[in-house]
> 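First, the structure itself, so that you have it in front of you.
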Amino acid sequence: MKKVKALLIALVCMALVGCSSQPKETGVQTEGKKKIGVIQLTEHTSLNMIYDSFVEELDNLGYTDKVTIDFKNAQNEMSNIPSIVQYFDANKQDVVVTITTPVAQGAMALTKNTPVVFAAVTDPIAAKVVTDLEKPEGNITGTSDMVQIDEIIDLALTIQPDIKTMGFIYNPSETNSVSNYERFQAACNDRNIKMEVTSISTSIDLQTATSALLPKVDAIFVPNDNTVAEAMPVLAKLAKDAKVPVYTGADSMVMDGGFATIGIDYVALGKKTAEIAVQVLEGTPTSEIPVYVFKDDLYITINEGTMNELGLTLPSEIANNEKLVLVK
Ligand code: TRP
């Protein structure tokens with residue numbers, strides 16, 4: 001009977017929190033430890049890489065035994081975010097770390113009482129999480145993963161000089177993707193490339209959207225959109241079968257079967273996010289920590305298997321580039 005009661009209580013708690021709530025990392029001894037709440041939008045390769053390197057860097061900095069981490073995954077359900085935020089508001093944390101734009105936006109409601117450190121917000125100004133990257137007011141700062149759209153389109157043109165039409169797939173409810181869409185439009189206009197744009201609202205839509213798009217385009221570009229990233233292997237397989245190269249806004253999407261990108265190192269981003277969280281735990285006001293925008297140290301990532309299936313070869317300037325990373 002006792003067991004049944006405990007189970008019921010556990011179920012009610014889970015329902016109240018409205019999400020799966022397995023702490024990935026909890027200390028047994030919690031007294032005197034600082035509390036870090038983490039909210040991750042969903043599971044996909046890049047977000048998992050960010051979280052793992054965040055935890056690893058906390059360890060490198062000697063914080064494993066000094067903190068407890070309460071990890072929540074919103075399962076890519078926007079409606080889960082407010083309940084997780086309320087949960088962390090009620091169980092006061094020393095810092096809340098958010099992974100992705102939609103979660104950072106939702107966590108604005110927390111900033112009255114709790115400092116927030118965001119990871120991988122593509123365009124923090126457009127997302128309205130800060131108004132000034134150098135002096136973030138409002139108890140929130142973090143890291144940003146700007147997408148190098150011009151470089152990526154130029155990479156595509158170096159490999160496929162005859163591109164006339166490029167496809168673009170995104171979820172318009174992600175502010176990060178809307179901002180990339182606008183920059184993609186400008187980049188295509190500058191280069192006289194025609195665009196075919198398709199929007200999706202869940203990753204389940206990706207298969208149908210991709211199939212409809214493929215016959216109309218010479219290549220596809222997908223930004224670092226969380227909804228697309230969740231189902232990247234589906235898109236990658238359809239595109240390979242149709243012999244259409246997919247250029248992406250993140251290296252993880254190449255690891256998941258896409259063809260190529262130029263972009264940042266997300267492991268470094270996870271580490272930097274940990275450094276900022278530690279600064280906040282040690283008492284530095286968030287307004288004194290500028291948003292760290294990853295944009296300088298860029299890598300070309302190419303999926304060799306995909307390249308072979310597409311029957312493409314790399315021009316020597318790419319093949320010999322010291323920033324080239326080949327993945328399988
Ligand atoms: N930048 C994304 C956002 O603002 C989050 C993100 C990080 C991402 N890495 C990614 C999305 C890789 C897609 C693929 O929400």
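Whatever order the structure lists them in is the order used to number ligands and atoms, beginning at 1. Note that the structure is a prediction, hence the values are computed from the model and not measured.
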> Using atom types as modelled, flag every donor-acceptor pair under 3.5 Å from a side chain in residues 213-225 to any protein atom, sequence neighbours excluded.
residue, atom, partner, partner atom, Å
D218, OD2, K164, N, 2.7
D218, OD2, T165, N, 2.8
N224, OD1, T122, OG1, 3.3
N224, OD1, N180, ND2, 3.3
N224, ND2, T122, OG1, 3.3
N224, ND2, D145, OD2, 3.0
N224, ND2, Y266, OH, 3.3
D225, OD1, T227, N, 2.9
D225, OD1, V228, N, 2.9
D225, OD2, N171, N, 2.7
D225, OD2, S177, OG, 2.7

> Scan for salt bridge (charged side-chain N to carboxylate O under 4.0 Å, His left out) pairs involving residues 265-290, sequence neighbours excluded, and state none if there are none.
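Sorted result for residues 265-290: K272-E275.
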
> What pairs meet the ring pair (Phe, Tyr, Trp, His ring centres under 6.0 Å) rule with one or both residues in residues 235-261, with sequence neighbours excluded?
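Ring pair (Phe, Tyr, Trp, His ring centres under 6.0 Å) check on residues 235-261 returns Y247-F259.
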
> Have Q86 and D89 got a donor and an acceptor in their side chains that come within less than 3.5 Å?
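Their side chains do not contain a donor-acceptor pair, so the 3.5 Å distance test is not met.
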
> Show your working on side-chain hydrogen bond (donor to acceptor under 3.5 Å, both in side chains) between S201 and D205 and close with a plain yes or no.
CA-CA 7 Å; S201 51; D205 306 338; 3.2 Å; yes

> List the protein residues in contact with ligand 1, where contact means a heavy-atom separation under 4.0 angstrom.
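Residues near ligand 1: H44, S46, L47, I50, T100, T101, P102, A120, V121, T122, D145, N176, N224, D225, N226, A229, A250, S252, M253, Y266.
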
> Mind checking whether Y51 and F71 have ring centres under 6.0 Å apart?
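Ring centres of F71 and Y51 closer than 6.0 Å.
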
